[in-house]
Amino acid sequence: MNLNDSEIVNNASKSSVFSCWYYPSFSWEFGETTFPWVVFGITVFFSPVIVLLNVLEIAAVLTRKQLQRASTLLLCSMAVVDVLVGAVAMPLAAAVDLLIAHQTFLDNVCVLDFVGLTVMYCASWTTLSHLTVIAWERYVAIVKWREYKVMVTRQRVKKLTILAWLPAVIVATRCIVTAAGVDVEGFEKLAIIPGIFWGAAVILIVCFYTRAYLILRKRKVEMSQNCQVSILVRAKLNSKVAKTTGIITGTIIFTFLLPR
């Protein structure tokens with residue numbers, strides 16, 4: 001493994017900043033203790049809330065058949081990602097900041113940070129792939145609503161959900177191989193994949209929601225002319241769901257693009 005415990009501690013004692021071998025461009029300051037405690041307090045409060053709410057969502061979907069629809073199954077799968085973030089990534093990140101600020105447990109603090117970052121990276125990839133699938137599902141529900149039950153079946157949604165977790169497996173494998181110090185040339189050549197994946201996912205999400213929005217505008221004009229109330233109500237409901245999902249998607253993508 002690339003971690004050298006004695007070298008890390010010696011370098012840390014000679015400097016006012018601390019950094020790990022896998023992320024040398026990012027460093028922690030030893031003198032700053034107030035901000036880590038604030039982050040730790042926020043994490044202690046919000047992490048259990050995030051875990052609890054998502055566990056309740058998962059339990060509700062799994063125990064009630066009327067909730068086991070295509071859209072809710074996808075949201076249930078995303079809730080598993082949130083549970084991992086709230087239970088693993090967030091507590092580890094707060095604990096690492098606190099330990100480094102007080103220069104405690106420096107021998108193994110990089111290992112904790114590495115695990116937290118790995119979970120966070122896996123979560124970001126998995127969330128984006130889920131959001132892409134959800135955008136497709138909303139597109140079918142709005143644009144091709146007559147064929148919705150044929151196109152969006154439970155079996156197909158389950159397969160897409162499994163595929164949505166595949167990026168996390170790839171990221172986790174790469175992180176484990178990197179941490180083990182194994183020199184694999186294939187992983188270096190695959191460094192371009194994250195950019196392609198993110199770009200393709202964002203483009204697909206934008207295309208799905210843009211197309212759905214244009215169809216909704218056209219349909220509203222036609223419905224207002226025909227005065228078909230029931231269809232108009234359904235269109236407004238789908239429009240609200242699409243807008244809400246689009247806002248959530250944009251917010252999540254924006255947070256992932258922010259620097260660490």
Side-chain angles (χ1 to χ4, degrees), residues 1-59 75 78-128 130-131 167-168 171-172 174-176 178-181 194 198 247-260:
M1 194 169 180
N2 293 345
L3 290 174
N4 190 317
D5 296 340
S6 60
E7 183 179 348
I8 291 175
V9 176
N10 291 334
N11 291 338
S13 61
K14 298 177 182 178
S15 176
S16 60
V17 296
F18 180 86
S19 61
C20 295
W21 62 271
Y22 50 84
Y23 202 174
S25 61
F26 184 85
S27 60
W28 293 264
E29 293 185 3
F30 285 135
E32 179 59 41
T33 57
T34 303
F35 183 73
W37 275 110
V38 172
V39 174
F40 184 80
I42 295 174
T43 304
V44 168
F45 177 79
F46 281 104
S47 288
V49 175
I50 293 173
V51 173
L52 177 61
L53 292 178
N54 284 281
V55 168
L56 290 176
E57 178 186 350
I58 296 170
L75 292 176
M78 278 189 62
V80 177
V81 181
D82 294 335
V83 169
L84 291 175
V85 173
V88 181
M90 290 177 61
L92 282 180
V96 165
D97 289 342
L98 203 58
L99 290 172
I100 293 177
H102 291 276
Q103 303 184 38
T104 305
F105 201 58
L106 295 181
D107 289 355
N108 299 297
V109 72
C110 285
V111 178
L112 297 178
D113 187 58
F114 188 81
V115 173
L117 283 178
T118 300
V119 174
M120 186 61 70
Y121 286 145
C122 291
S124 64
W125 281 54
T126 307
T127 301
L128 187 60
H130 275 81
L131 291 175
V171 173
R174 181 179 180 183
C175 291
I176 292 172
T178 303
W198 278 80
I247 293 172
I248 296 174
T249 301
T251 303
I252 293 176
I253 293 175
F254 177 75
T255 56
F256 286 152
L257 294 177
L258 291 176
R260 182 172 182 263

(message) Let's go through Met78 and Leu131 carefully: what are the C-alpha distance in whole Å and the side-chain angles of both, what is the deciding distance for side-chain contact (heavy atoms from CB on, under 4.5 Å) to 0.1 Å, and is it a yes or a no?
(response) CA-CA 9 Å; Met78 278 189 62; Leu131 291 175; 4.1 Å; yes
Results of side-chain contact (heavy atoms from CB on, under 4.5 Å) for [X] - residues two or more places apart only:
| X | answer |
| --- | --- |
| Val55 | Val51, Val83 |
| Leu98 | Pro36, Trp37, Phe40, His102 |
| Leu75 | Glu57, Ile134 |

(message) So if I apply the side chain to side chain contact (heavy atoms under 4.5 Å, CB included) rule between Cys122 and each of Val171, Leu117, Thr127, which one comes out positive?
(response)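 The residue from Val171, Leu117, Thr127 that satisfies side chain to side chain contact (heavy atoms under 4.5 Å, CB included) with Cys122 turns out to be Val171.
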Please name the pair of heavy atoms, one in [X] and one in [Y], separated by the smallest distance, quoted to 0.1 Å.
| X | Y | result |
| --- | --- | --- |
| Leu84 | Val119 | O-CG1, 3.9 Å |
| Val115 | Leu92 | CG1-CD1, 3.8 Å |
| Ile50 | Asn54 | O-ND2, 2.6 Å |
| Val85 | Pro91 | O-CD, 4.0 Å |

(request) Please tell me if the side chains of Asp82 and Leu53 come closer than 4.5 Å, counting only heavy atoms from C-beta onward. (result)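 No - every pair of side-chain heavy atoms lies 4.5 Å or more apart.
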(message) Can you confirm whether Tyr121 sits close enough to Pro167 that some side-chain heavy atom of one is under 4.5 Å from a side-chain heavy atom of the other?
(response)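 They are not in contact (no side-chain heavy atoms under 4.5 Å apart), so the answer is no.
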